[in-house]
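Read through the structure below, which is laid out as structure tokens, and then see the notes.
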2 protein chains.
Amino acid sequence: MFLIGKLSQFAGVSTQTIRYYERIALLPAPRRSENGYRIYDDTDIDRLRFIKQARQLNFSLDDIAEILALRERNQAPCSVVMNKVAQQIEEINSRIAELIHLQNELKRLYQVGLTMPEDIEMKHCVCHLIKDGLPKEVDAHA
Amino acid sequence: MFLIGKLSQFAGVSTQTIRYYERIALLPAPRRSENGYRIYDDTDIDRLRFIKQARQLNFSLDDIAEILALRERNQAPCSVVMNKVAQQIEEINSRIAELIHLQNELKRLYQVGLTMPEDIEMKHCVCHLIKDGLPKEVDAHA
DNA sequence: ATTTGACCTTATAGTAACTATAATGTTTAG
DNA sequence: CTAAACATTATAGTTACTATAAGGTCAAAT
Ligand SMILES: [Zn+2]
Ligand SMILES: [Zn+2]
Ligand SMILES: [Zn+2]
Ligand SMILES: [Zn+2]
């Protein structure tokens, strides 16, 4: 039995975010005190902590809603969770690969850029490399 | 001298996105034909290709606007570009590190989850691991 | 008694970079 | 004549929040 500020402290989630979760029905509308303040109890802490942990594991709010909905219908979400976890491990591999690719391009751009003069015509400096793409092999700029 | 559809083809950017870029003033408002259609020329292709390349290098539209603005004032943006490139190379390192960390947690969660039963009380299955966080060492579940 | 401070409330808009939709107008070809 | 393939605008949706404004409630200190 406590107000939103306490729930925020207990769960480590801002009051703004708690209200947001309520708006999108990720959290149920809590009962209200006479003055209209939201009143929570321990089960709310549990639910919110679950959400927070799942967010830190990069589950989307949609994923989390699905998992919580299963729980509400007394269906064990374990296999759904395991599938999403496996899927995410794969996605992270792809994202890392993309980032490494991007980083390699940036590194190459940087190295080539170091060898080039500034020029306002944007013809022979790093800017022109952005426009035209990096050459396969750096041209001797002859 | 061509319409937005051609510009879209030449630059590889959708017409929607071209109009969007115009709205946020990343592209100048082009002149219009009698019927109100946008009319472009080769310099527009250049500018749009530059934007596209920079986007593929993960420059933000704000970054790109800044670079193009410098160019407009006849100031060479080379050093700005080089700084942003260097900065991004660093940021990608951080992001990769974060992703690897996240992936390790997911892998650990998955492995532990494999050893656990489904249960609707959410006490001893993978779901409870999400709520309470992964243990440092997997508990023997005694 | 009042005022200050720490709470709480709602509604609304902003973030990044698009993408999608609706409703409509123009031009060309069959 | 009409259907396709273009074009136009305005508006809303995406993700997960965060920020702001404008205000109501309550306890304590002055
Ligand atoms: Zn479970
Ligand atoms: Zn060159
Ligand atoms: Zn330059
Ligand atoms: Zn256990």
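Letters go in sequence order (proteins before strands), and every chain restarts at 1. Just so you know, these numbers come straight off a predicted model, no measurement behind them. The figures here come from the full heavy-atom set of this structure, side chains too, leaving out hydrogens, waters and symmetry mates.
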Could you work out which one of dT18(D), dT27(C), dT19(C) sits closest to the side chain of Gln16(B)?
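That would be dT19(C).
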Tyr37(A) side chain: which of dT26(C), dC8(C), dT18(D) is closest?
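Of the candidates, dC8(C) comes closest.
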Row check, Tyr40(B) ring normal vs Arg31(B) NZ/CZ: under 6.0 Å, within 45°:
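That pair does not qualify as a cation-pi contact.
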Taking the six-membered ring of Phe50(B) as reference, does the NZ or CZ atom of Arg71(B) fall below 6.0 Å from its centre and within a 45° cone about the axis?
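Cation-pi check for Arg71(B) and Phe50(B): passes.
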[X] has an atom [atom1]; how far is it from atom [atom2] of [N], in whole Å?
X	N	atom1	atom2	answer
Leu3(B)	dT8(D)	CG	C1'	12 Å
Ile64(A)	dT15(D)	CD1	P	13 Å
Tyr21(B)	dA16(C)	OH	P	14 Å
Arg23(B)	dT8(D)	CZ	P	13 Å

Mind checking Arg19(A) for me? I need base, sugar-phosphate or nothing, with any heavy atom below 4.0 Å counting as a touch.
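Base, at least one base atom sits under 4.0 Å.
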Classify the nucleic acid contact of Ile24(A) as base, sugar-phosphate or nothing, counting any heavy atom under 4.0 Å across all strands shown.
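The residue Ile24(A) makes no contact with any strand.
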Quick one: is [X] getting a side-chain N or O under 4.0 Å of the [N] phosphate, OP1 or OP2?
X	N	value
Asn35(B)	dT27(C)	yes
Arg38(A)	dC8(C)	no
Arg55(A)	dC17(D)	yes
Thr17(A)	dT18(D)	yes

DNA chain D: 5'-proximal contact among Arg32(B) and Asp62(A) (nearest heavy atom):
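Between the two, 5'-proximity favours Arg32(B).
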